[in-house]
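Working notes, structure below.
Ligands are counted one by one from 1 in listed order, and the atoms in each one are counted from 1 as well.
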Amino acid sequence: MPPTRFSAAEYAAGVLAGNRVALSRAITLVESTLPSDQALAQQVLQTVLPHTGRALRLGITGVPGVGKSTFIEALGLHVVEQLGKKLAVLAVDPSSPRGGGSILGDKTRMPQLAAHAHAFIRPSPSSGSLGGVARATREALLLCEAAGHEVIFVETVGVGQSETTVHGLVDFFLLLMLAGAGDELQGLKRGIMEMADALLITKADQGNETAARRARREYQNALHLFPPAASGWYPPVLLTSAVAGTGIAEVWEMLENYQAQTQANGFWQERRRQQQLQWLHQSIRQALESRFYGEPGVRERLPAIQQAVAAGEMTPFAAAQELLGL
Ligand SMILES: Nc1nc2c(ncn2[C@@H]2O[C@H](COP(=O)(O)OP(=O)(O)O)[C@@H](O)[C@H]2O)c(=O)[nH]1
Ligand SMILES: [Mg+2]
């Protein structure tokens, strides 16, 4: 807990000045579930809003062990050192318990990035529900943009629903994959390949190159089965080795090509507009739900009604209508 409480103007000024301590504290504020903190957080966000939206937002997903952290270190160092840009790395990991276990908690896989003055790394909030984590991450992303970070990575693990959430936060969604022996297409979660703007075969090194190239052909063939995207973009399959440093600059080049192409045809802007609307409706749903469950009448009657529904004495629909007072 901060010893003194900043005003909204103080938080905003610190964030806009690119002060890392102020940025961290502002993110802690948006992660807070206290109503008074949330009101203050919304004031801060409203103040910095004109200074947001200019970053390239990159989503990164893949199963544990695929090499996300190592890749983030490699691409991140390319961004801060070769390109001289300010980077922020955020994570969406609703499964991580408070105070540890977060996918970004282990900064040992990104030691140079974690120590770099132009990189800001923030682990996933763990407010419990995916909805809460998603909101906090989206707001953290806006704060990072306001603090002058020109590139934002949002990492998530390739399990559960968090990929869909991150897809709704970013301009480009990158799926990291291992070259397996044989049927590479097994074990892929349904729908995830359709969401990807590019596939990256990781660890294409140390004798794994042939398998990686074969995996690339197979994934390319699989991707050709999907209908063409509204963006006019065909998701490529790239080979990388974060350890050997190969394919990393090519990933960045691809992102720039995507940005140029979709900003020219308007898809970039349209995707962000759609995301804004999704967030609006999600916010409404969340607010309505928490208001409903917070009603004393609902809290009192819910256990008995749940029991009646579970016992088959009442239909779920009738139960919902009764609680809603319809
Ligand atoms: N050979 C090789 N190993 C890698 C590469 N990238 C990551 N690894 C290893 O794969 C393991 C998992 O990597 P990590 O980045 O922690 O994966 P994450 O769980 O997806 O974040 C670690 O032992 C890494 O050293 C790579 O490019 N080449
Ligand atoms: Mg990791």
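For the pair W268/Q259, a side-chain contact is recorded, criterion being any heavy-atom separation below 4.5 Å from C-beta on.
Using modelled atom types, one finds a donor on one side chain and an acceptor on the other under 3.5 Å when comparing E256 with W252. For the residue pair E139 and Q42, a side-chain donor N or O sits within less than 3.5 Å of a side-chain acceptor on the partner.
Ring-plane geometry between F120 and H149 is classed as tilted, the angle between the planes lying from 30 to 60 degrees on a 0 to 90 degree scale.
Residue contacts with ligand 1, taken as heavy atom pairs separated by less than 4.0 Å, do not involve N208 at all. Heavy atoms of V243 found under 4.0 angstrom from ligand 1 belong to the backbone as well as the side chain.
By the 4.0 Å N-to-carboxylate-O rule, E31 lies close enough to R122 to be salt-bridged with it.
Of the options E155, K68, E73, K203, the smallest heavy-atom separation from atom 8 (N) of ligand 1 is shown by K203.
Residue contacts with ligand 1 leave out T202, since none of its heavy atoms falls under 4.0 Å from the ligand. Ligand 1 has at least one atom lying under 4.0 Å from a heavy atom of S241. Ligand 1 lies out of reach of I72, whose nearest heavy atom is not under 4.0 Å from it.
The nearest N, O or S atom of S69 is closer to the Mg ion (ligand 2) than 2.8 Å.
Remark: R25 is positioned above the aromatic ring of F6, its terminal NZ or CZ atom under 6.0 angstrom from the ring centre and at most 45 degrees off the axis.
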